[in-house]
Amino acid sequence: MAKSVSLGDLEQAIMDVLWAAEGGLTVREVLERLTGRDLAYTTVMTVLSRLEVKGVTTRERDGRAWRYHPAATRESLTAQAMRSPLHDLSSEDRQAAILHFLSEASVDDLDAVREAMAAVEARGDRPRRRRGRGAADSSA
Amino acid sequence: MIAVLLLLCAAALLIAPRALVRIERLRRSPRAALFVWQALSLSAVLCLLSAAPLALVHPHPQSTTLEVAILVVAGIASVGVLVRLLLNGHHVGRRIRTARAQHRQLVDIVGRHEGAHTRVLPSSELSAYCVPGAGSRLVITEAALTALPAEQLAAVVAHEEAHLRERHDLVLEFFTVLHTATPRWLRTDAALAEVALIVEVLADRAARRDVGEISLARAILSLAEATSEQGLTPGASAGAGSAATRIRLLATDDPAPWQTLVLYLVCAAALMTPPTLAVLMGS
């Protein structure tokens, strides 16, 4: 339960260590750099192989140990998340999968948007009567 | 007879979205409007599904050839709709959930963890969205965090939290399944875009309650300006022009209670139609 949450945090911490390092790191080296966490060697090993299954790390033989590398830079992974998170999906599916505050498709005429904004500013915030449901503490 | 009526009824309900997208007043009572959309769709599906079983139970009293013809048409309608909906629901659901899971993984790894479900992406683009479903995530970029003033940020978060809390994704998924299960020549993309817009308006209502319309409208404007500056490829028809539409809706008054009441009566009438037809004609 709580473990699965911290597992996500741990994956992220390990990727941070890998991204900060020059060249690859062994499990032992990753463990040493994860300061402030009381972790078992096997835990780090498990997480590293999970990350490899997910395709975000690669590994190569170095003597008797495995050396882990990030499969991509943080920037390119971020770009991947931003640009084409759902590139396999049709536009209909995409709309339902992730809800954007403002989807790219919905901005075609900035003048119209600014004009609408001016109308809102002109009217100003209006106090609203709230139906008595839930925490009603922010009404004007 | 009953089967013919049900099929006619379904045809009418399938044409209804073309009229419904033209009634812009509906956007002013988003919750009731969504119920109308759902009630009409459900009713159409119910009419189609019950056509064949009812034709079997109450055969046509006249000629046998007509009887058989009606039975065949009703059978094709009922079985076809059932199969298409089940298959399509399965495929759409699986695609959406897989994509969400992959995306969650990605933002968990590149994003800064802010609490249990908020992730801050180290990106210079202004963007904010949520990944709904089990293990939902609220994703916002570093650039949006720095660029947006506190009250606009609060507006964005309130909007996304409303999506997650009220499970708007389920509504969208329902319509996506219906939309893609409908034969191409029968469906209209404008209907799906309208429902998507109404869902956004619904989340805007929640955010407006928290932060007021000016902060929310400014947040929409900020994101719109940033999006066009970033030169992101504008998408096809999905929700086109909804930034201006959403801000305009913030300036309009809430509809009179009678309008909302009428919408709920329409819902009730739509849902009552298939069972009423079945009972009246069958007896």
Side-chain angles (χ1 to χ4, degrees), chain A residues 4-5 8-9 11-15 51 54 56 74-75 77-83 85-117 119-130 136 138-140, chain B residues 92 95-96 99-100 103 105-110 113 116 121-123 125 127-132 141 156 159-160 163 168-169 172-173 176 179-180 192 196 209-210 212-214 217-221 223-225 227-228 232-244 247-248 250-251:
Chain A
S4 66
V5 175
D9 284 339
E11 285 181 350
Q12 216 250 334
I14 288 180
M15 285 309 291
L51 288 168
K54 289 181 183 179
V56 285
R74 182 184 215 127
E75 289 70 30
L77 265 192
T78 306
Q80 194 187 324
M82 294 293 298
R83 294 282 168 196
L86 312 159
H87 49 88
D88 294 340
L89 298 182
S90 67
S91 63
E92 290 110 354
D93 285 354
R94 209 174 303 142
Q95 222 172 354
I98 283 182
L99 297 167
H100 277 88
F101 178 73
L102 188 67
S103 78
E104 293 159 23
S106 49
V107 191
D108 47 2
D109 186 0
L110 266 189
D111 288 338
V113 182
R114 293 204 181 97
E115 211 171 283
M117 182 71 226
V120 174
E121 301 259 13
R123 294 195 55 155
D125 272 335
R126 279 156 298 149
R128 252 172 306 282
R129 261 163 295 145
R130 299 162 60 96
S138 64
S139 60
Chain B
V92 168
R95 282 201 302 268
I96 287 179
R100 280 185 195 148
H103 192 66
Q105 238 170 52
L106 201 53
V107 296
D108 277 0
I109 284 168
V110 291
H113 294 206
L121 292 188
S123 167
E125 283 173 19
S127 184
Y129 56 91
C130 61
V131 189
T141 60
V156 171
H159 174 102
E160 297 303 326
H163 277 324
H168 294 162
D169 58 300
L172 281 177
E173 200 176 323
T176 307
H179 181 79
T180 45
L192 193 59
R209 265 199 310 274
D210 286 357
E213 49 263 62
I214 292 187
R218 282 188 186 144
I220 298 175
L221 177 62
L223 265 292
E225 285 175 337
T227 303
S228 77
L232 295 177
T233 45
S237 59
S242 72
I247 293 181
R248 254 181 244 126
L250 286 174

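Every chain is numbered from 1 and lettered A, B, ... according to where its sequence line falls, protein lines coming before strand lines.
- Going from atom CZ of A:Arg114 over to atom CD1 of B:Ile247 covers 10.5 Å, rounded to the nearest 0.5 Å.
- In this structure, CG in A:Leu77 is found 10.5 Å from CG in B:Leu121, a value given to the nearest 0.5 Å.
- Judged purely by atom type and a 3.5 angstrom limit, B:Arg248 has no side-chain atom pairing as donor or acceptor with the backbone of A:Ala116.
- Contacts between A:Ile14 and chain B at a heavy-atom distance below 4.5 Å are absent for every atom of the residue.
- The side-chain heavy atoms of B:Asp108 and A:Gln12, taken from C-beta on, include no pair separated by under 4.5 Å.
- Taking every heavy atom of both residues into account, B:Ile214 and A:Met117 meet most closely at O-CE, 3.9 Å.
- For the pair A:Thr78 and B:Ser123, the tightest heavy-atom approach, listed with the atom from each and the gap, is CG2-CB, 3.9 Å.
- Of the atoms belonging to B:Asp169, heavy atoms from both backbone and side chain fall under 4.5 Å from chain A.
- Contact count against chain A (heavy-atom pairs under 4.5 Å) is highest for B:Val156 among B:Leu250, B:Val92, B:Thr176, B:Val156.
- Heavy-atom pairs under 4.5 Å with chain B were tallied for A:Asp111, A:Leu102, A:Leu99, A:Val120; the largest tally goes to A:Leu99.
- Using cut-offs of 30° and 60° for the angle between ring planes, the B:Tyr129 and A:His100 rings count as tilted.
- Here the side chains of B:Ile96 and A:Arg94 are not in contact, with every heavy-atom distance at 4.5 Å or above.
- The choice from B:Ile220, B:Thr180, B:Thr141 that makes the most heavy-atom pairs within less than 4.5 Å of chain A is B:Ile220.
- Other residues, nucleotides and ligands contribute at most 12 non-hydrogen atoms within 6.0 Å of the CD atom of A:Glu115.
- The parts of A:Arg74 that come within reach of chain B are both its backbone and its side chain, each placing non-hydrogen atoms under 4.5 angstrom from that chain.
- In plain terms, the two heavy atoms of A:Val113 and B:Ala243 that are nearest each other are CG2-CB, 3.9 Å.
- At a threshold of 4.5 Å between non-hydrogen side-chain atoms, the residues B:Arg218 and A:Glu121 count as touching.
- Neither the backbone nor the side chain of A:Asp109 comes within contact range of chain B; no heavy atom of the residue lies under 4.5 Å from a heavy atom of that chain.
- Taking every heavy atom of both residues into account, B:Arg100 and A:Ala97 meet most closely at NE-O, 2.8 Å.
- Interface residue A:Met15: only side-chain heavy atoms are found under 4.5 Å from chain B.
- In terms of heavy-atom proximity, A:Arg123 sits nearest to B:Ala251 at NH1-O, 2.6 Å.
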